[in-house]
Number of protein chains: 2
Amino acid sequence: MNQKDFLTNIAFDSVVFGFSGGSLKILIMEYHNTGFFALPGGFVQRNENLNDAVRRGLKERTGLDNIYLEQFYTFGDTARYKPEIMQTILESSNYSLEKYEWLLDRFISVAYYALINYKEVVPQPDALSDSCEWYDIDALPPLIFDHADIVAKALQTLRDNLDRKLVGINLLPARFTMNDLQKVYEAILGEKIRRTTFQRKMLSLEILKRHEKQYLGKAHKAPYLYSFED
Amino acid sequence: MNQKDFLTNIAFDSVVFGFSGGSLKILIMEYHNTGFFALPGGFVQRNENLNDAVRRGLKERTGLDNIYLEQFYTFGDTARYKPEIMQTILESSNYSLEKYEWLLDRFISVAYYALINYKEVVPQPDALSDSCEWYDIDALPPLIFDHADIVAKALQTLRDNLDRKLVGINLLPARFTMNDLQKVYEAILGEKIRRTTFQRKMLSLEILKRHEKQYLGKAHKAPYLYSFED
DNA sequence: TTATTATTGTCACAAATTGAGACAATAAAT
DNA sequence: ATTTATTGTCTCAATTTGTGACAATAATAA
């Protein structure tokens, strides 16, 4: 992690969405001995595409390749520049302030959101952090810098894109019921959806393939399973 | 324009849309003695918000404050890094390669689009360029770097946002006819719109204020003028 | 075996939105 | 007074969406 390997003044942050227990969650890192919470992020190598840098960072945090990923905004206000916070983080991990002085400079951050299947992930902390864990989107800890703004804008963008792109599928396992899918939509939108209208709309898109029924031993009709990829 | 005044490795580019003669146009710069064409852009001062930097750049090119402006994507592929082009531009304007060596570094560019009233603008070249002129969106010269991609994505984003935000109004004078507005929509979408449906939809939004009729001496019924702001 | 229960898939009809054209009302020219 | 081109509005059809009804299950309880 040497300064000359990386572009200066530019960083990225990722809002990694997962779905579990009926609610939407994101990954949050906690730095050693500081009580500071932040989005997972990183820096761009000099010979690396920006998008590839973000995928590299996500691979380190989640172990996953081929993640659904979307860039949504670049945050560049001077108000987000708070070197004293980064200094505390470095000092708390006994990092040399001389060697890592470049981290105390101002950064403009390109923000992405990712959608992943919660069950496939075992979140991994990095060298500076104690933990990388799922937090319910409605119960986040206080975040450093402007990361709360980044999360809010990620969620807003996800909502705006929900109809246009059928992105909700990326939060589910390969096979899911119509009710599973509806729960994802409700968690993202933060409101209840009418069952019959939702089912009709999803089926009319003609991109869901219907498979065998899912028998769960419940005292009622068993639902079909669906998948996205043919 | 000293390196230490600016953030390194980060730039911005602006796609400035105007509407004239029934078609959509954007501002393009041509660099001295090179035959190179590019989008207007610039760099971010160390103590300046990113968005403010873009507005500062637009003010220099157009003379306008309070421009409708939207960030839409950040371009960070390594393939866009072509120092030989920038070197040619600097040499052709007799700039010292030593002093401006930082301009030969790799830049990640945050792209914005702006919508302005064509008639209010007298485009201004900068120190490196011969001209800053309007080009029809369908007849652009070949652009350097990935600027053609940036234009394409700007237009796509503008189209996607057209219904959600009634942005077309920013391309027109303060008072306009329904037909003027329809022509703007048609130029952006690249297709004809049904007159009665369009009129009904615009009026149903209830954000247009109707004013006196516009008598142009034509042998038919005169249209009403409308404005956006109260 | 036969109800009972909860949920699913689909249909039917109403309500709302959009598509498409008809038509009267102009301003100015003939 | 008639003609011409365009505008504002209306009507009806077509499509989409909202809302509830209802039969078809799987398992449970009787």
N/O to N/O distances under 3.5 Å, protein versus nucleotides 16-18 of chain D:
residue: dG18(D); atom: N7; partner: R200(A); partner atom: NH2; Å: 2.7
residue: dG18(D); atom: O6; partner: R200(A); partner atom: NH1; Å: 3.2

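- Rounded to whole Å, atom C1' of dA20(C) lies 15 Å from atom CD1 of I193(B).
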>> Set out, in order, the CA-CA distance, both residues' side-chain angles and the distance that settles side chain to side chain contact (heavy atoms under 4.5 Å, CB included) for Y224(A) and L208(A), then state yes or no.
In response: CA-CA 11 Å; Y224(A) 289 109; L208(A) 293 181; over 6 Å; no
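- As rounded to whole Å, 15 Å separates atom P of dT6(D) from atom CD of Q199(B).
- A straight line from CG of L225(B) to P of dT7(D) spans 12 Å, rounded to a whole angstrom.
- The CZ atom of F198(B) sits 18 Å away from the P atom of dT6(D) (whole-angstrom rounding).
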Would you tabulate the side-chain donor-acceptor contacts of residues 62-69 of chain B under 3.5 Å, counting partners in other chains and residues two or more places apart, or write 'none'?
residue: T62(B); atom: OG1; partner: L58(B); partner atom: O; Å: 2.7
residue: T62(B); atom: OG1; partner: L64(B); partner atom: N; Å: 3.1
residue: D65(B); atom: OD1; partner: K59(B); partner atom: NZ; Å: 3.4
residue: D65(B); atom: OD2; partner: K59(B); partner atom: NZ; Å: 3.0
residue: Y68(B); atom: OH; partner: E70(B); partner atom: OE1; Å: 2.6

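- Rounded to whole Å, the distance from OH on Y224(A) to C1' on dT25(D) is 10 Å.
- Taking only side-chain atoms of R210(A), from C-beta outward, the nucleotide of dG8(D), dT10(C), dT7(D) with the closest atom is dT10(C).
- The residues R80(B) and D149(B) are annotated as not salt-bridged, no charged nitrogen and carboxylate oxygen being separated by less than 4.0 angstrom.
- Residue T177(B) is out of contact with every strand shown, counting any heavy-atom pair closer than 4.0 Å.
- The separation between N179(A) atom CG and dG9(C) atom C1' is 13 Å, rounded to whole Å.
- In this structure, R195(B) contributes its side chain and N179(B) its backbone to no donor-acceptor pair below 3.5 Å.
- Put simply, the side chain of R195(B) and the base of dG21(C) share no donor and acceptor less than 3.5 Å apart.
- Atom CG of D180(B) is separated from atom C1' of dT7(D) by 13 Å (rounded to the nearest Å).
- Under the rule for a salt bridge (Lys or Arg N to Asp or Glu O under 4.0 Å), D77(A) has no partner lying at least two apart in sequence or in another chain.
- For Y185(B), the ring pair (Phe, Tyr, Trp, His ring centres under 6.0 Å) partners are F198(B), not counting sequence neighbours.
- Sorted by first and then second residue, the ring pair (Phe, Tyr, Trp, His ring centres under 6.0 Å) pairs with a member in residues 11-35 of chain B form an empty list; sequence neighbours excluded.
- Taking atom CG on D163(B) and atom P on dT17(C), their separation rounds to 15 Å, with Å as the unit.
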> How does protein contact run along nucleotides 25-30 of chain C, one letter per nucleotide 5' to 3', with B for base contact, S for sugar-phosphate only, - for none, heavy atoms under 4.0 Å?
Replying inline: BBBB--
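- Between F37(A) and Y135(A), the two ring planes are perpendicular [angle over 60°; tilted spans 30° to 60°].
- Salt-bridge check for E212(A) with R175(A): passed, with a basic side-chain N closer than 4.0 Å to an acidic carboxylate O.
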